[in-house]
Asks: 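Pasting a structure below so you can have a look.
We count residues from 1, following the sequence as given. First listed ligand is number 1; within each ligand, the first listed atom is number 1.
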Amino acid sequence: MNFSARCFLLLALVLSPAAWSAEATAALATRPDGAVIASGHELATKAGLEILAQGGNAFDAAVAVSSTLAVVEPISSGLGGGGFFLLHDARTGKDVMLDARETAPESATAAQFLDRNGELDRDRSVNGPWSAGIPGLPAALAQLASQHGKLPLKASLAPAIRVARDGFPVYARMAAGYASRREVMERYPGTREVYLRNGKPIAEGDILRQPELAHTLQLLAEKGFDGFYRGETARKLLKGVKQAGGRWSADELAGYTVKTREPITFNYRDWKITTASPPSSGGIALASMLQILQGWDLKSLDEAHRTHLVVEAMRRAYRDRTFFLGDPDFVHIPQEVLTSLDYAKGLRSTIHPEKATPSDLLSGQPTPLEDDETTHFSIIDAEGNRVGGTQTVNLLYGSGLIPAGTGVLLNNEMDDFALKPGTPNAFGVMGYAANAPQKGKRMLSSMTPTFMENADKVIVIGTPGGSRIITMVLLGILGYDDGLSAQQVAALPRYHHQWLPDEISAETGAFSADVVKQLQAMGHRIDLPGDSASGGRGSSHVWGNLQTVEWDRRSNTLSGGSDPRNPVGSAEVQFNQPAN
Ligand code: GLY
């Protein structure tokens, strides 16, 4: 950074409204008057509230929410997967990210994923044992409880164990997801055992009981890390993977570690943003996009011009994702440059205010529509602690493989590696050397749990959505900056651009016909599902499952927003009991 850029940066920091004065904070509440949780399933939200009522903090509640989601949303996440947990400790004021991303087993080299013609073997990369990385979620639950919680792991896992044992009603998304993955799921005896009733798959309204998963959770509750990664569960996982034709070793299970990482932080207007660091691509991409956009007064623009600029920022950030990002323990990421104001300024200068920049014409693949994979929850507790957790098994029902006797559906996260350089994965995003598979390496992710804070407000936001996660969080941040409520942010219409394919994809109804026309006149290609006039593919579609919570410190009120696209999600506030 040159001298004038450094001076500019210093001036920006000093003048930033985020540099709050003591006077401005004097009228602000220092603690919320209760707690708030938003998650993708009401049983998970209730599990978190139950643990808070027992005296737990946000981190204990996160264990309860995360583990209950693992039981009731096998379509999205589970003990066989991983996730990122962004934590704010109100006592110390510190933010950290627990990285519980899956790791590549030694056997899963790039060559294992190529067919005899040297093409990517898509069945191997997304189905069955080879698609699965070593799970990280159970280790994160143990670490959240032992290092951050107030209650024993046993107490915080109790709601999930109860729901796994007693069952819950299967909802429409789950049954539809099963139908789309049925062929893969029914390849494996352990999976058939859980999902078939007299040879028929679970249907909406059935009560799904998972006694084996309850037992696996019980062992985790009693023994912590060792209850999953060593002993009975580990033996069953190794056996199940081997019987299905894959290869994991006992050492790589027992050697799994959660990494505590420093989050990415930057300012956008008067907001301090704290977000996911690599191996998530989300934080760096958000920093890049928002710092590019900071150069314009978006609120003063008409919808078409605002959308054009947002799309151009998306295009540039996703191009960088393709080439530079991977597991920071294995590759050098030029993080300082990619998140700097100077770099954003340079990218901004390449954006024409009226014309789309054509993306490099490398072959891209249409992005499949995706909404139910992965899940997110947001928590603020009465002490002001915060958790943003995004967790996943990757695609719908992960690899489809449940090693017999465990109830644990394994992820298919290996597809998030660049298994063949330059060949798009299931989300249509590509990568090169930085994200090539290697023993013990974590695959690049888009999961972006994020905190926003300004003088008045504290917000936790996140969503599932594969490569669209980052742009949904971006639109959510812009929505909050526009003054929308948590529920309005969760309901915002969505659009996305990821460099390749060179097109804007948009939810049905996201743009008026007039805005579509204006964007097309600027040179944008738009994929509007269901709208053949615009060249859109497929039927009408919506995506995402955004869960966000907000604490307004000026009015000392809590609120939550749960994505209306997901009928079983819920956001609930729990008020402090008045002192007698
Ligand atoms: N598996 C989706 C992601 O981590 O980005």
Asks: Return the residue, atom name and 0.1 Å-rounded distance of the protein heavy atom closest to atom 4 (O) of ligand 1.
Replies: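 Ranked first by proximity to atom 4 (O) of ligand 1 is Ser445 OG, 2.7 Å.
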Asks: Give the residue, atom name and distance (to 0.1 Å) of the protein heavy atom nearest atom 5 (O) of ligand 1.
Replies: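 Checking every protein heavy atom, the shortest distance to atom 5 (O) of ligand 1 gives Ser446 N, 2.7 Å.
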Asks: Less than 3.5 Å between some nitrogen or oxygen of Asp416 and one of ligand 1, yes or no?
Replies: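 Checking ligand 1 against Asp416, an N or O pair does fall under 3.5 Å apart.
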Asks: Hey, does Val310 have a side-chain heavy atom less than 4.5 Å from the side chain of Leu475?
Replies: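 Yes, side chains in contact.
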Asks: Would you kindly specify which portion of Glu413 sits under 4.0 Å from ligand 1, judged on non-hydrogen atoms: side chain, backbone, both or neither?
Replies: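 Side chain only.
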Asks: Heavy-atom distances under 4.0 Å are what count here, so tell me which part of Arg101 touches ligand 1: side chain, backbone, both or neither.
Replies: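 The answer is the side chain.
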Asks: Answer yes or no: is there a side-chain heavy-atom contact under 4.5 Å between His41 and Tyr171?
Replies: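 Heavy-atom side-chain distance check passes, below 4.5 Å.
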Asks: Quick check with a 6.0 Å cut-off and a 45 degree axis cone: is Arg468 positioned over the face of Trp543's six-membered ring?
Replies: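 Checked: cation-pi criterion met.
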Asks: Give a yes/no verdict on whether any heavy atom in Met443 is under 4.0 Å from an atom of ligand 1.
Replies: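 Flag not set, Met443 not near ligand 1.
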Asks: Looking only at atom types and distance, does a side-chain atom of Arg101 sit under 3.5 Å from a main-chain N or O of Gly136, one as donor and one as acceptor?
Replies: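 Flag not set: sc Arg101 to bb Gly136 has no pair under 3.5 Å.
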Asks: Taking NZ, NE, NH1 and NH2 as the nitrogens, is one of them in Arg173 or Glu73 under 4.0 Å from a carboxylate oxygen of the other?
Replies: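 Salt bridge present between Arg173 and Glu73.
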Asks: Taking the six-membered ring of Trp130, is NZ or CZ of Arg124 closer than 6.0 Å to its centre and within 45° of its axis?
Replies: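 The answer is yes; both the distance and angle limits are met.
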Asks: State the atoms of ligand 1, each with its element, that fall below the 4.0 Å cut-off from a heavy-atom position in Met447.
Replies: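 Heavy-atom distances to Met447 below 4.0 Å select 4 (O), 5 (O).
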